[in-house]
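For reference, the structure is listed below as structure tokens.
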There are 2 protein chains.
Amino acid sequence: MTERKRVTILDVSRATGLALSTVSNALAGKNHVSEETRATVLEAATRLGYRASTVARALRMQRSFTIGVLVADVANPSSPDFVRGVEDVAIREKCTLLLSNTDGDEERQLLHMRTLLDRQVDGMVLISQHVSSPAVRALLDASTPFVLIQRRNPLFPDDYVGSDNVIGVSEAINHLHALKHRRIGFVRGPSDSSTAGERLETFLAEAKRLRLKVDDELVFKGDYGFETGVAAGRHFLRLRRPPTAIMGSSDINALGVMEAALESGLSIPGQLSVVGLDDIALASFRAINLTTIHLQKRAMGAAAADLLIERIRQPDRTPQELIFPTRLVVRGSTAAPALPEAPRLRA
Amino acid sequence: MTERKRVTILDVSRATGLALSTVSNALAGKNHVSEETRATVLEAATRLGYRASTVARALRMQRSFTIGVLVADVANPSSPDFVRGVEDVAIREKCTLLLSNTDGDEERQLLHMRTLLDRQVDGMVLISQHVSSPAVRALLDASTPFVLIQRRNPLFPDDYVGSDNVIGVSEAINHLHALKHRRIGFVRGPSDSSTAGERLETFLAEAKRLRLKVDDELVFKGDYGFETGVAAGRHFLRLRRPPTAIMGSSDINALGVMEAALESGLSIPGQLSVVGLDDIALASFRAINLTTIHLQKRAMGAAAADLLIERIRQPDRTPQELIFPTRLVVRGSTAAPALPEAPRLRA
DNA sequence: TTGTACGCGTTATCAG
DNA sequence: CTGATAACGCGTACAA
């Protein structure tokens, strides 16, 4: 653990006998430098182990080569794929990721946003974060470029990457309908999530088209978490006329529903069909085998980062929104209901 | 998107008519400042919306208030909990996390380590990373403080946080033995992982003590991934005398084994018992219900960060190692074997 | 092609 | 208690 002093550009300058700026130019790949000098500089630089200080560069250039990412919770399997996507282009752009968990809490989000701004991040990616409150808007509007993923407020013309909630959800409900399900429960995601809202609307519209009756008791309001899924499952299964199928607001959600079903001794899909939304890696494992709506998260993360890079380069560009298609992946958690609705009514 | 210029300490200085250094002192909470001036400064600072530039501070103080974290893959449910733990203390210490995925690839790891060093991170936490190769050691030894999690090389006296592999693994094998399992397959983690090595040794030692024969074909070498689990499962189930229980090197691993078992039409735990290692959230869901060895990952992450903070403050402290206990959590993926070993031998 | 001088926003040092 | 000045390491306009 030698107490080493940092090798600066000045050391390289001294070692080569060349001027500071010459070294800088040579290193930066400017063309005003003779090949010979450049070689000398490069040799000395590697020999001394010189590495440019990103900090000094950031101060000078007013650009930190850093992208801030706000996520609800890295430990939740839903989010990391987005992050990987962002990272993919960050690496390409020679940027580093500053990652913070907000746990869906607005105070924490504000705190982290301020921290990111203090660090002069070149831009921020907000994944399913709060986007409407005055405090958040104030920070957002008068600062760094940013891109939203999966949650926005249509009132604000922000750069946005989301998923097409119509295709996936309507595919799912039609799939269930084709299997003869006539009572379908729906778990709604966070109340302030635009995405969650769109999904519910699609569900209701499509249900109407299919002439399915959706009473209030068939819509459960919660968030994307496991506990919400469990609570929803318990709620639905306690109804006088329980649904024969339940659509979760996320895969984790759907797992919660499965949990509740299994704790009641119901078999899946024999006595209850369950549909998720996300298609996390685990959904495809046979032990789970969840029918779900697939989201292209890594691609969405990358697209968001690309949008961000564009906006950094061109701050006055008109805001763009990118909507990724979703599709239903049918696996083993859905099947025809054990008792069709009709006979049951006659009983 | 107003093209706002950053409010600097100079602006505050001008607004108050006080000297630059006085403002700085007041803001920094130094005690050489009269209450009155401090109030003036604070008022002006908040009024103007002044926020100190972390970048400038980093350059001046040679301390970036940043902790670098290297992780194999955030998208893998095994790692994020460690990260959360590190983050817990980072927030307490007013530090930010610079997170990078290495995918277990040494080149990527080296790349990211250099990036972190260029950014003058105050320290690094390496979670299950390469720690022995000359290239890695060179970077490690002559630079920033660092702490290792879950993988180290005993030859180097590094700060280290790991788990007690003896307790958990021996509990697991004894549990299986008590259930009358006599042939147990073992999936070994990455060959260069100290932790994976210790676990195998414990397994073999305990097997010997219990007079279980462990032929070579009962040890499968791979990594912590799902695919390794699948491959291991297939390998074991194809043996002339397949094991009646299999211990994975991680939960994801164990899920892979379950996958292979289910694809062969074997029921769990009826015809095959499976044990994982990690206790990820999903392991406790009824749909999975995995018997596994619990690791206190968030606590370990926090402990590592604490160690790091200590080392930053006191670079010449003698290296410490912290070993966290592990314990077996018995769930539904283990049971007595369908056909005891003895009758089978008679057949 | 090369060298000089200055600015980026802070904090540390030392003088008043 | 307050204020002037010098770093921190790099990029860049401008002069040579």
Exercise for the section: Check each of A:Pro134, A:Ser133, A:Ser132 against A:Val136 using the side-chain contact (heavy atoms from CB on, under 4.5 Å) test, and report the only one that passes. Expected result: A:Ser133

Practice task
Taking the side chain as every heavy atom from C-beta outward, state whether A:Phe324 and A:Val161 have any atom pair closer than 4.5 Å.
Solution key: yes

Exercise for the section: Indicate, with a heavy-atom threshold strictly under 4.0 Å, whether A:Arg63 touches base, sugar-phosphate, or nothing. Expected result: nothing

Problem - A:Asp306: salt bridge (charged side-chain N to carboxylate O under 4.0 Å, His left out) partners, not counting sequence neighbours - result: A:Arg92

Enumerate the protein-to-nucleotides 14-16 of chain C contacts in which both atoms are nitrogen or oxygen and the separation is below 3.5 Å.
none

Problem - Closest listed nucleotide, where the reference is the side chain of B:Ala56 and the choices are C:dT10, C:dA12, D:dT12 - result: C:dT10

Exercise for the section: Check each of B:Leu126, B:Val131, B:Asn101 against B:Gln109 using the side-chain contact (heavy atoms from CB on, under 4.5 Å) test, and report the only one that passes. Expected result: B:Leu126

Practice task
May I have all residue pairs that pass salt bridge (Lys or Arg N to Asp or Glu O under 4.0 Å) and include part of residues 75-85 of chain A, sequence neighbours excluded?
Solution key: A:Asp81-A:Lys297, A:Arg84-A:Glu87, A:Arg84-B:Asp73, A:Arg84-B:Asp103

Handout entry: Quiz item: B:Arg60 side-chain donor-acceptor pair to C:dT11 base, under 3.5 Å
Key = yes

Handout entry: Whole angstrom value for the distance that separates C1' of D:dG3 from CD1 of B:Ile9
Key = 13 Å

Problem - B:Arg137/B:Asp158 ion pair, N-O < 4.0 Å - result: yes

Practice task
Determine, for A:Asp316 against A:Arg311, whether the closest basic-nitrogen to carboxylate-oxygen distance falls under 4.0 angstrom.
Solution key: no

Practice task
Pick base, sugar-phosphate or nothing for A:Ala52, based on heavy-atom distances below 4.0 Å to the nucleic acid.
Solution key: sugar-phosphate

Practice task
Output, in order, the C-alpha distance, side-chain angles, deciding distance and verdict of side-chain hydrogen bond (donor to acceptor under 3.5 Å, both in side chains) for B:Ser34 and B:Thr37.
Solution key: CA-CA 5 Å; B:Ser34 78; B:Thr37 359; 2.2 Å; yes

Problem - Spacing between A:Arg38 atom CZ and C:dT2 atom C1', to the nearest angstrom - result: 14 Å

Fill in the blank from the handout: Sorted by chain and number, sequence neighbours left out, salt bridge (charged side-chain N to carboxylate O under 4.0 Å, His left out) with A:Glu310 holds for A:Arg317

Practice task
Mind calculating the distance between CD (A:Gln120) and C1' (C:dC8) to the nearest angstrom?
Solution key: 9 Å

Exercise for the section: Report the distance from atom CG of B:Leu27 to atom P of D:dG3, rounded to the nearest whole Å. Expected result: 15 Å

Exercise for the section: Verify the contact: side-chain N or O of B:Thr37 to OP1 or OP2 of D:dT2, cut-off strictly under 4.0 Å; return yes or no. Expected result: yes

Handout entry: Heavy-atom side-chain contact between A:Val86 and A:Val83 under 4.5 Å
Key = no

Exercise for the section: List in numerical order all residues of residues 10-23 of chain B for which some heavy atom is under 4.0 Å away from an atom belonging to DNA chain C. Expected result: B:Ser21

Exercise for the section: Tell me what B:Leu59 touches on the nucleic acid: a base, only sugar-phosphate, or nothing, going by heavy atoms under 4.0 Å. Expected result: base

Exercise for the section: Decide yes or no on side-chain contact (heavy atoms from CB on, under 4.5 Å) for B:Leu99 and B:Val71, but give the supporting numbers first. Expected result: CA-CA 8 Å; B:Leu99 184 78; B:Val71 69; 4.1 Å; yes

Fill in the blank from the handout: Sorted by number, residues from residues 91-98 of chain A placing a heavy atom under 4.0 Å from DNA chain D are none

Practice task
Would you mind reading off the distance between A:Met61 atom CE and D:dC8 atom C1', rounded to a whole angstrom?
Solution key: 18 Å

Completion exercise
Hits for side-chain contact (heavy atoms from CB on, under 4.5 Å) against A:Ile312, two or more places apart or cross-chain, chain-then-number order -> A:Asp122, A:Pro145, A:Leu308

Completion exercise
Rounded to whole Å, the OH-C1' distance (B:Tyr50 to C:dT11) equals 10 Å

Practice task
Please check the phosphate of D:dT12 (OP1 and OP2 only) for any side-chain N or O of A:Ser24 closer than 4.0 Å.
Solution key: no

Exercise for the section: Grab the CG-C1' distance between B:Asp118 and D:dG9 for me, whole Å please. Expected result: 13 Å

Handout entry: Worked verdict on A:Met124 versus A:Leu139 for side-chain contact (heavy atoms from CB on, under 4.5 Å)
Key = CA-CA 12 Å; A:Met124 313 198 287; A:Leu139 242 42; over 6 Å; no

Practice task
Using the test side-chain contact (heavy atoms from CB on, under 4.5 Å), find all partners of B:Thr115 that sit at least two apart in sequence or belong to another chain.
Solution key: A:Thr96, B:Arg119

Handout entry: Five-pair end axes of the helix from C:dT1-D:dA16 to C:dG16-D:dC1 and the angle they enclose, rounded to 10°
Key = 50°

Handout entry: Qualifying residues under salt bridge (charged side-chain N to carboxylate O under 4.0 Å, His left out), relative to B:Glu93, sequence neighbours excluded
Key = B:Arg313

Problem - Between P of C:dT10 and CZ of B:Arg51, the distance in whole Å - result: 11 Å

Problem - Cationic N near anionic O, under 4.0 Å, A:Arg57 to B:Asp118 - result: no

Taking N or O atoms only and anything under 3.5 Å, show me the protein contacts with nucleotides 14-16 of chain D, one pair per line.
none

Handout entry: Any A:Gln62 side-chain nitrogen or oxygen under 4.0 Å from OP1 or OP2 of C:dG9
Key = yes

Problem - Residues forming a salt bridge (charged side-chain N to carboxylate O under 4.0 Å, His left out) with B:Glu36, sequence neighbours excluded - result: none

